[in-house]
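In what follows, a single structure is set out as structure tokens and then discussed.
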Amino acid sequence: MSDKKTSNAMWGGRFAAGPDAIMEAINASIGFDKRMAKQDIDGSRAHAAMLAACGIITSSDADAISEGLLTILSEIERGEFPFSVALEDIHMNIESRLTDLIGEPAGRLHTARSRNDQVATDFKLWVREQFDAVIISLDALMLAFLGQAERGADMVMPGFTHLQVAQPVTWGHHMMAYVEMFARDKSRMIDARARMNTSPLGAAALAGTSFPIDREMTSKALGFDRPAANSLDAVSDRDFALDFLTGASICATHLSRMAEELVIWSSAQFKFVTISDRFSTGSSIMPQKKNPDAAELIRAKVGRINGSLIALLTIMKGLPLAYSKDMQEDKEQVFDSADSLMLALAAMTGMVQDMRPNEAELRIAAATGFSTATDLADWLVRALNMPFRNAHHVTGALVKMAEDQGCDLHELTLEQMQSVEKDINNDVYEVLGVDNSVASRTSLGGTSPENVRRQIKFWKAELS
Ligand code: ARG
């Protein structure tokens, strides 16, 4: 970065001396907002074309500006652009370079514009791309879960509450639960993207401009639905970034729950799944170890994403209208969260695609902990017309008996069962198996393989 200690070339007219080095350090955002170079150039080209169309600058000036900006874009892409901290941010770095390249016409680009509407526009364009990227990544993740669900639509596994075995469920059902979560995350992203898609450009510093600009034209050129209606709001609104961070936090929360399940399931104590070598690491001291590091890091990413959400909420809280420099602190939070979320989504997609459910272990675990006790109680209600509360009591006594004998419910003899409830007959054994248990749960949204297959079909059609 090249720096000179004169007053700022872009706004230094009323300044006799250059900024203190510390002032420059706290003020500069070029270290991070250079990530918005492409958006800045797109915004400026749209602005210049509009200025010419409205007769505010000449077409030849607009053409020179546009050409110069494209040259700058290729310099940036080639890594040859001379970024300068003294020029503060990406907007002034690019405008200053444009002056070097094309001279006087460059000075006309900032007509009827301010860095305030410029930065709001650039940042919106950047965040909008992230919404789109996250939406695409969520589709890929959902497809990975669908693949797993298809493979194990009728594979039994224990369902848990309080991490205690509760009732048997199907692997497919468990996988489809995540499809539902990530589908909601996707719809949150789609909602927020639609809400944010208004153009701040032309709001100028805060009050609009006296030049006869055409905000519809720049809005359209940049793919916005319409110009933002209020200039004060347009330059000071950052709730689109908060919407992104909120959606990212919730999505990362969902990712962390699956990540936690992977950590638990892949442990030697559970052995429910094998995580592929591609997403595991070894230990430098314990040769036998295979650690689910990717899952643990996905689980942790939610921490920094939540942190960014709270940081930006706190930055924005209490800011008077319109722009304040506080708002420059918006970008790093969003950049970091977008990077973290995209990486976590990609890692989870790979892990889910690769993971192998251990069918035999899942089946054994599904049957432990008297997981079909509810099926037994339901049978007593259905076959013997017992009130559910009584059935619950009788089942409790049978569970206690099995526990004392050290056996499972289906291993109790009919005589033993009849000693608790004389009307129990042989049919009861049909509901004590885990396959029968899951197959019987055909209520809407229930775990039966039949339901799971219907849901897979529904989501496949949705995602294609
Ligand atoms: N770098 C600034 C930001 O990110 C650009 C806007 C500066 N506007 C101003 N009036 N100082 O917010």
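Remember, it's a predicted structure, so these values are computed and weren't measured experimentally.
Ser66 and Arg45 are linked by a side-chain donor-acceptor pair at a separation below 3.5 angstrom, with hydrogens and angles left out of the test. Inspection of the Trp459 and Glu180 side chains reveals an N or O donor paired with an N or O acceptor under 3.5 Å. In the model, Asn451 has no side-chain atom that pairs as donor or acceptor with a side-chain atom of His173 under 3.5 Å. Remark: the Thr442 side chain and the Ser448 side chain contain no N/O donor-acceptor pair separated by less than 3.5 Å. Side chains of Arg257 and His254: no donor on one and acceptor on the other come within 3.5 Å. Side chains of Ser249 and Asn306: a donor on one and an acceptor on the other come within 3.5 Å. Side-chain contact of Ser199 with Ser219: a donor-acceptor pair under 3.5 Å is absent, judged by distance alone. Inspection of the Asp122 and His91 side chains reveals an N or O donor paired with an N or O acceptor under 3.5 Å.
Not counting sequence neighbours, Arg184 has no partner by the salt bridge (charged side-chain N to carboxylate O under 4.0 Å, His left out) test. Residues satisfying the side chain to side chain contact (heavy atoms under 4.5 Å, CB included) test with Thr246, not counting sequence neighbours, are Ile250, Leu309. Legend: residues meeting side chain to side chain contact (heavy atoms under 4.5 Å, CB included) with Ala221, ordered by chain and number and at least two apart, are Ala46. Under the side-chain hydrogen bond (donor to acceptor under 3.5 Å, both in side chains) criterion, Asp100 pairs with no residue, sequence neighbours left out. Residues satisfying the salt bridge (charged side-chain N to carboxylate O under 4.0 Å, His left out) criterion with Arg108, sequence neighbours excluded, are Asp61, Glu104. Qualifying side-chain hydrogen bond (donor to acceptor under 3.5 Å, both in side chains) partners for Arg195, counting only residues two or more places apart in sequence or in other chains: Asp243. Remark: Asn93 engages Ile30, Phe81, Phe83, Ser84, Leu87 in a side chain to side chain contact (heavy atoms under 4.5 Å, CB included) (not counting sequence neighbours).
For the atom pair OG of Ser280 and NZ of Lys290, the computed distance is 4.5 Å after rounding to the nearest 0.5 Å. Here the NE2 atom belonging to His174 is positioned 8.5 Å from the CZ atom belonging to Phe160, to the nearest 0.5 angstrom. The distance from the CZ atom of Arg304 to the CD atom of Gln333 is 10.5 Å, given to the nearest 0.5 Å.
Within the structure, salt bridge (charged side-chain N to carboxylate O under 4.0 Å, His left out) pairs that include any residue of residues 128-144 comprise Asp132-Arg193, Asp139-Lys186 (at least two apart or interchain). Applying the ring-ring contact (aromatic ring centres under 6.0 Å, His included) test to every pair with at least one member in residues 303-353, sequence neighbours left out, gives these pairs: Trp126-Phe335. Identified under the side-chain hydrogen bond (donor to acceptor under 3.5 Å, both in side chains) test for residues 154-163, with sequence neighbours left out: Asp154-Arg453. Contacts classified as ring-ring contact (aromatic ring centres under 6.0 Å, His included) and involving residues 194-219 (residues at least two apart or in different chains) are not found. Sequence neighbours left out, not one pair with a member in residues 47-72 passes ring-ring contact (aromatic ring centres under 6.0 Å, His included).
Smallest separation of non-hydrogen atoms from Ala344 and Lys301: CB-CG, 4.4 Å. Between Asp326 and Ile315, the shortest heavy-atom distance links the atoms O-CG2, 3.5 Å. Closest heavy-atom contact between Ile41 and Ile76: CD1-CD1, 4.5 Å. Closest approach of Phe279 to Ala347, counting heavy atoms only: CE2-O, 3.8 Å.
In this structure, Tyr178 and Phe145 have parallel ring planes: the angle between them is below the 30° cut-off, well short of the 60° mark.
Taking 4.5 Å as the limit, every side-chain heavy atom of Leu206 sits out of range of all side-chain heavy atoms of Ser231. Within the 4.5 Å cutoff, the side chain of Arg97 has no heavy atoms near those of the Ile94 side chain.
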Q.
Between Lys124 and Asn197, does the side chain to side chain donor-acceptor pair (under 3.5 Å) criterion hold? Intermediate values first, please.
A. CA-CA 8 Å; Lys124 268 197 169 178; Asn197 203 28; over 6 Å; no
Q.
Under the criterion side chain to side chain donor-acceptor pair (under 3.5 Å), I'd like the reasoning laid out for Gln167 against Thr374: C-alpha separation, chi angles, the key distance, then a yes or no.
A. CA-CA 8 Å; Gln167 293 172 355; Thr374 314; 2.9 Å; yes
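Ser371 contributes a side-chain N or O that, together with a main-chain N or O of Ala366, makes up a donor-acceptor pair within less than 3.5 Å. Listed for the Thr209 side chain is no donor-acceptor partner under 3.5 Å among the backbone atoms of Ala204. A donor-acceptor contact shorter than 3.5 Å links the side chain of Gln148 to the backbone of Met355. Not one N or O on the side chain of Asn291 forms a donor-acceptor pair closer than 3.5 Å with the backbone of Asp293. Using modelled atom types, no side-chain atom of Lys271 and backbone atom of Glu361 make a donor-acceptor pair closer than 3.5 Å.
Crowding of Lys325 atom NZ: a count of heavy atoms from other residues, nucleotides or ligands under 6.0 Å exceeding 12.
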